[in-house]
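Position 1 is the first residue of the sequence; numbering continues from there.
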Amino acid sequence: MRNIQTILLAVVLCVFCSCSDRGEDISGRRYPILFGSTDTRAVADITDLQNNGFKVYAHFEGSLGSASFEKDVTYNSEKNVWGYEGIQYWIPSTKYWFTAFYPTTSSAGTVKVTEQESNYHSYTITNFDITKQEDIMVAQANREVGANADAPTEGSVVKLNFQHLLACVVVKVQSQISGVKVTNVELGIVKSDGEYNSTSETWTCSGTATIKRENLAVDIPITEFADITDGGILVLPQTVADQGVKLTVTATGAPRESYEVYIPAIEWVKGNKYTYTMTIKQGYIVFNEPTVEQWDEENATGSVIIK
């Protein structure tokens with residue numbers, strides 16, 4: 001990838017050189033592509049984004065030629081700015097396509113951005129292993145630069161609003177019996193392996209696994225519900241059939257050592273958060289239909305911006 005990137009950057013330099021050879025002075029209108037925001041709609045805590053950064057793939061083409069580049073964007077907390085090595089500059093009369101991913105690297109799957117004519121946003125994610133419990137988000141945008149490549153203005157800012165490609169399942173428990181403590185929670189028979197195609201905007205899933213939250217010590221209140229999934233379990237978007245996905249909750253101080261329930265049939269959609277609630281009673285439990293909301297709804301406070 002480094003060799004390819006070097007070649008592509010060389011192409012960019014050749015583009016500028018060819019312009020100079022024609023006697024056209026562009027030195028006064030070369031403005032860097034900068035990143036200038038400190039928030040994103042899809043990250044629960046902005047420090048996660050700042051600590052890990054994100055990766056941007058770009059393709060551009062215009063009267064001076066075409067090329068691509070790939071950058072790891074990181075945050076400088078002292079200067080409160082985003083930056084990357086090898087600054088790129090806007091080129092006059094050129095159209096840009098941007099695809100950004102968070103986090104920059106993942107051990108859960110492989111991301112590949114394809115450069116097809118008229119579809120420079122196309123990408124695939126293969127061999128994605130949900131048991132790694134690693135999030136993945138994407139943002140896409142484009143911008144067409146005028147003949148003068150003026151300095152960034154409000155009309156030329158490109159916003160990258162990250163969106164989740166996974167779904168999130170939260171389980172909250174309440175007890176009518178005092179002294180109950182949840183020690184483990186398992187979400188079993190969930191699809192474990194997935195491949196995503198941006199053209200169809202769909203996941204193809206296979207295999208099953210059990211995702212666990214173990215060695216917990218969550219005190220279960222009587223008057224409210226407590227989250228026993230530590231903010232949620234990441235799941236691949238999938239169709240859940242009746243008797244298809246099993247939830248197991250292990251507790252102490254309750255009438256039973258463990259409680260098992262099958263998730264009611266539902267479609268888990270990417271970008272959504274599904275919150276299930278369970279009430280432990282003396283001889284039985286009550287398991288409710290989930291509330292569904294956009295995953296980033298509670299944290300919609302800004303955007304990552306390319307200037």
Side-chain angles (χ1 to χ4, degrees), residues 1-13 15-16 30-61 66-91 94-115 120-129 132-143 145 152 157-166 196 198 234 296 299 302-307:
M1 179 61 73
R2 293 294 180 187
N3 291 335
I4 294 175
Q5 183 174 333
T6 301
I7 293 172
L8 293 174
L9 292 178
V11 171
V12 176
L13 293 176
V15 168
F16 283 118
R30 291 184 67 199
Y31 298 96
I33 301 174
L34 301 175
F35 298 82
S37 182
T38 58
D39 205 358
T40 174
R41 289 178 59 85
V43 179
D45 187 346
I46 186 58
T47 57
D48 290 342
L49 186 70
Q50 293 173 346
N51 291 339
N52 296 290
F54 56 92
K55 184 183 292 290
V56 173
Y57 296 87
H59 179 86
F60 54 94
E61 59 181 30
S66 63
S68 301
F69 64 83
E70 171 189 338
K71 297 294 181 181
D72 288 334
V73 181
T74 57
Y75 181 70
N76 186 319
S77 58
E78 293 183 0
K79 297 182 179 180
N80 193 32
V81 296
W82 296 95
Y84 56 91
E85 295 183 0
I87 296 297
Q88 297 289 313
Y89 295 87
W90 296 113
I91 303 173
T94 300
K95 188 169 184 179
Y96 290 78
W97 292 263
F98 298 94
T99 304
F101 294 92
Y102 168 85
T104 57
T105 60
S106 173
S107 63
T110 302
V111 174
K112 182 180 180 181
V113 178
T114 58
E115 295 171 8
Y120 295 112
H121 277 313
S122 178
Y123 64 92
T124 57
I125 299 171
T126 58
N127 303 316
F128 195 86
D129 182 0
K132 300 283 188 180
Q133 285 295 278
E134 292 185 13
D135 198 4
I136 185 166
M137 295 181 290
V138 67
Q140 295 184 309
N142 59 63
R143 176 191 164 188
V145 181
V157 173
V158 179
K159 296 182 179 180
L160 292 176
N161 293 320
F162 283 83
Q163 303 294 327
H164 288 278
L165 292 182
L166 302 176
Y196 184 78
S198 68
L234 303 179
D296 62 354
N299 309 296
S303 304
V304 172
I305 297 176
I306 299 181
K307 291 184 178 179

Shortest non-hydrogen contact from [X] toward [Y]:
X      : Y      : answer
Tyr84  : Ile33  : OH-O, 2.5 Å
His59  : Ser66  : NE2-CB, 4.3 Å
Pro103 : Asp135 : CD-O, 3.3 Å
Glu134 : Ser106 : OE1-OG, 2.9 Å

Inset, instruction - Check whether the ring centres of Tyr57 and Tyr123 lie less than 6.0 Å apart, and answer yes or no. - result: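 They do not qualify: ring centres at least 6.0 Å apart.
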Inset, instruction - May I ask you to decide if the ring planes of Tyr96 and Trp90 are parallel, tilted or perpendicular, using 30° and 60° as cut-offs? - result: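 Because their plane-to-plane angle is over 60°, the rings of Tyr96 and Trp90 count as perpendicular.
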Inset, instruction - Could you check whether the rings of Phe162 and Phe54 sit parallel, tilted or perpendicular, using 30° and 60° as the cut-offs? - result: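 Correct class here is perpendicular.
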Quick one: are [X] and [Y] in side-chain contact, heavy atoms under 4.5 Å?
X      : Y      : answer
Thr110 : Ile125 : no
Glu70  : Lys55  : yes
Asn52  : Tyr102 : yes
Leu166 : Ile136 : yes

Legend entry - Distance-only polar pair, side chains of Glu61 and Thr94, donor-acceptor under 3.5 Å: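 No, because no side-chain N or O of Glu61 sits under 3.5 Å from a partner of the opposite role on Thr94.
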What's the separation between atom [atom1] in [X] and atom [atom2] in [Y], rounded to the nearest 0.5 Å?
X      : Y      : atom1 : atom2 : value
Leu234 : Lys132 : CG    : NZ    : 14.0 Å
Lys112 : Thr126 : NZ    : OG1   : 9.0 Å
Arg143 : Trp97  : CZ    : CH2   : 13.5 Å
Gln140 : Ser122 : CD    : OG    : 9.0 Å

Legend entry - Derivation and outcome, side chain to side chain contact (heavy atoms under 4.5 Å, CB included), residues Ile91 and Phe60: CA-CA 9 Å; Ile91 303 173; Phe60 54 94; 3.5 Å; yes
Inset, instruction - Give the intermediate values and the outcome of side chain to side chain contact (heavy atoms under 4.5 Å, CB included) for residues Met137 and Gln163. - result: CA-CA 5 Å; Met137 295 181 290; Gln163 303 294 327; over 6 Å; no
